[in-house]
K.L.:
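My questions will all concern the structure given below.
Bear in mind the structure is a predicted one, so any value in this text is a computation, not a measurement. So that the names make sense, note that chain A is the first sequence line, chain B the second, and so on, each numbered from 1.
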Amino acid sequence: MSKATLLIDIKGIRDGLLVKLGEAPWADLQAALINAIDERPAFFKGARLALDVGSQVLHVAELAALRELLSERGIFLWAVLSESSVSEQTAQNLGLATRISKTRPEAARSAPQAGAGETALWLAHTLRSGARVEFPGHVVVMGDVNPGAEIVAGGSIVVWGRLRGVVHAGAQGEAGAVVCALELSPTQLRIAGEIAVSPKRKGKIQPEIARLQDGVLVAEPWQTKE
Amino acid sequence: MTAKVVTVTSGKGGVGKTTAVANIGVALAAKGQKVVCVDGDIGLRNLDVVMGLENRIVYDLVDVIEGRCRLRQAMIHDKRLPELYLIPAAQTRDKSAVSPSDMVRLCDELRLECDWVLIDSPAGIERGFHNAIAGADKIIVMTNPEISAVRDADRVIGLVEAEEKGTPELVLNRLNLAMVRRGDMLSVDDVLDLLAIKLLGVVPEDESVIVASNRGAPLTLDSKSKAGQAFHHIARRLLGEEVPFLELEAQRLWQRLLGRK
Ligand SMILES: Nc1ncnc2c1ncn2[C@@H]1O[C@H](COP(=O)(O)OP(=O)(O)OP(=O)(O)O)[C@@H](O)[C@H]1O
Ligand SMILES: [Mg+2]
């Protein structure tokens, strides 16, 4: 067996090809993949490809370069699956899907679901329209969440800025999750199974916190003292 | 020479990118700069029409990239100005004829030829957009004072940032002050409030833009129109001058008078 076949595993799925990358430096994985493709160009040409990068941490430059190499070979990269939230974010920023329709049972088993109270994803920038962040734990944004951006969190969502996009806290049913923001004017806000849209607001803008109270979504000013 | 490569892009179509590239190109060239405008909208070229150079096309961008001609041969000289050139897009090809790395190479070659390279990006966020921004040093995001255009601009700014190309600057086109005063149009401040990037220019809605485009004579060439002046201001800001935003001050004055802010 050649080295390349150890590094990459290619199989057909309903909507194209799924390529799973092993554990190795990114440059080696990329070379192995391109090699495998160049050995059988006719097989790959025109394919829709989903890439499972495992725990590799990928930045825009790397993923964009790979997409370019693939596109030169007539292959359309449409999805990147990853265990790393950085890589998922990168893929989303490049407009790639981060899920394929078939669930990945092995991944679900091996990666322990972070409970709502345990981990948080720290985002140090504004989320602009089209950005979508999904995370099993809490999500903290240092910046705005603009209209057209979306956050889905297993836990709570904290926005140190203006929240005007769509947010879903407690997405796996955690009714104790909260959403707070310096300016809470979401296009749509959900906690667990409850949905609310922002009312037209008047009066001064102040930090607010939204939570579920007896099954009803309520938002109230955030205060340190009563 | 080492030119600055500037790409004008928008996400949403029809907001005025082609108009802006033609007019900023003319305005910079009128200031004695050597300017090459590049039509990056392959398959839907129209910068040549707006600049009135359609009948002089022999070679195009794809000919340069595929080596059928030298760069200089594809640069059409606009004789109304000493140093203004256009590289037209191919009309009979599609965006897949060009890759981002082709554009990077082309821009590197152009940098040695002039002071400014202005690239007209196609609408959308697909391949043509990625091609258009690949070689850019600076990106201008253009939008109109409409929610959907601003939303698309926001998306494009996010994509530009994700490609690690720095934060773009904003040109707001087709502002109608009378409508803003009535509260029927987003104001400059409304747009800046959402996009939170540096403002490079505000261009008013102006019928003379359409007249000029149809004549193939960008209005920065001679007219004293408001829009023409706004494009001249943008060119001066690109050259590093501090030029006050007349439109913005007028708008803020009105808002104060009406007690809205
Ligand atoms: N400031 C303005 N006032 C009035 N009309 C304008 C103004 N700016 C642009 N227009 C008109 O809007 C139309 C679209 O402009 P233009 O072709 O420059 O947009 P574009 O962004 O390049 O479009 P596309 O996305 O299709 O390439 C044209 O008819 C143009 O004359
Ligand atoms: Mg155009």
K.L.:
Does A/R128 reach the main-chain N or O of B/L195 with its side chain, forming a donor-acceptor pair under 3.5 Å?
P.N.:
yes
K.L.:
Identify the two heavy atoms, one from B/A162 and one from A/N93, that lie closest to each other, and give their separation to 0.1 Å.
P.N.:
CB-CB, 3.4 Å
K.L.:
NE2 of B/H130 to CG of A/L94: how many Å apart, nearest 0.5 Å?
P.N.:
7.0 Å
K.L.:
Does B/D193 come within less than 4.0 Å of A/R164, counting only side-chain N to carboxylate O?
P.N.:
yes
K.L.:
Taking atom CZ as the centre, does A/R73 end up with more than 12 heavy-atom neighbours from other residues, nucleotides or ligands that are less than 6.0 angstrom away?
P.N.:
yes
K.L.:
Between A/G130, A/S71, A/P147, which has the largest tally of heavy atom pairs under 4.5 Å with chain B?
P.N.:
A/P147
K.L.:
Decide if atom CD1 of B/I147 counts as having more than 12 heavy atoms of other residues, nucleotides or ligands within a radius under 6.0 Å.
P.N.:
no
K.L.:
Give, for atom CD1 of B/I197 and atom OG1 of A/T126, the distance between the pair rounded to the nearest 0.5 Å.
P.N.:
12.0 Å
K.L.:
What residue in B/P100, B/A196, B/G11 has the most heavy-atom pairs under 4.5 Å with chain A?
P.N.:
B/P100
K.L.:
Is B/D102 in contact with chain A via its backbone, its side chain, both, or neither, using a 4.5 Å heavy-atom distance?
P.N.:
neither
K.L.:
Identify which part of B/S101 has an atom lying under 4.5 Å from any heavy atom of chain A, answering side chain, backbone, both or neither.
P.N.:
both
K.L.:
Does A/W160 CH2 have over 12 foreign heavy atoms under 6.0 Å away?
P.N.:
no
K.L.:
Measure distances from A/Q89 to the heavy atoms of chain B and classify the residue's part below 4.5 Å as side chain, backbone, both or neither.
P.N.:
neither
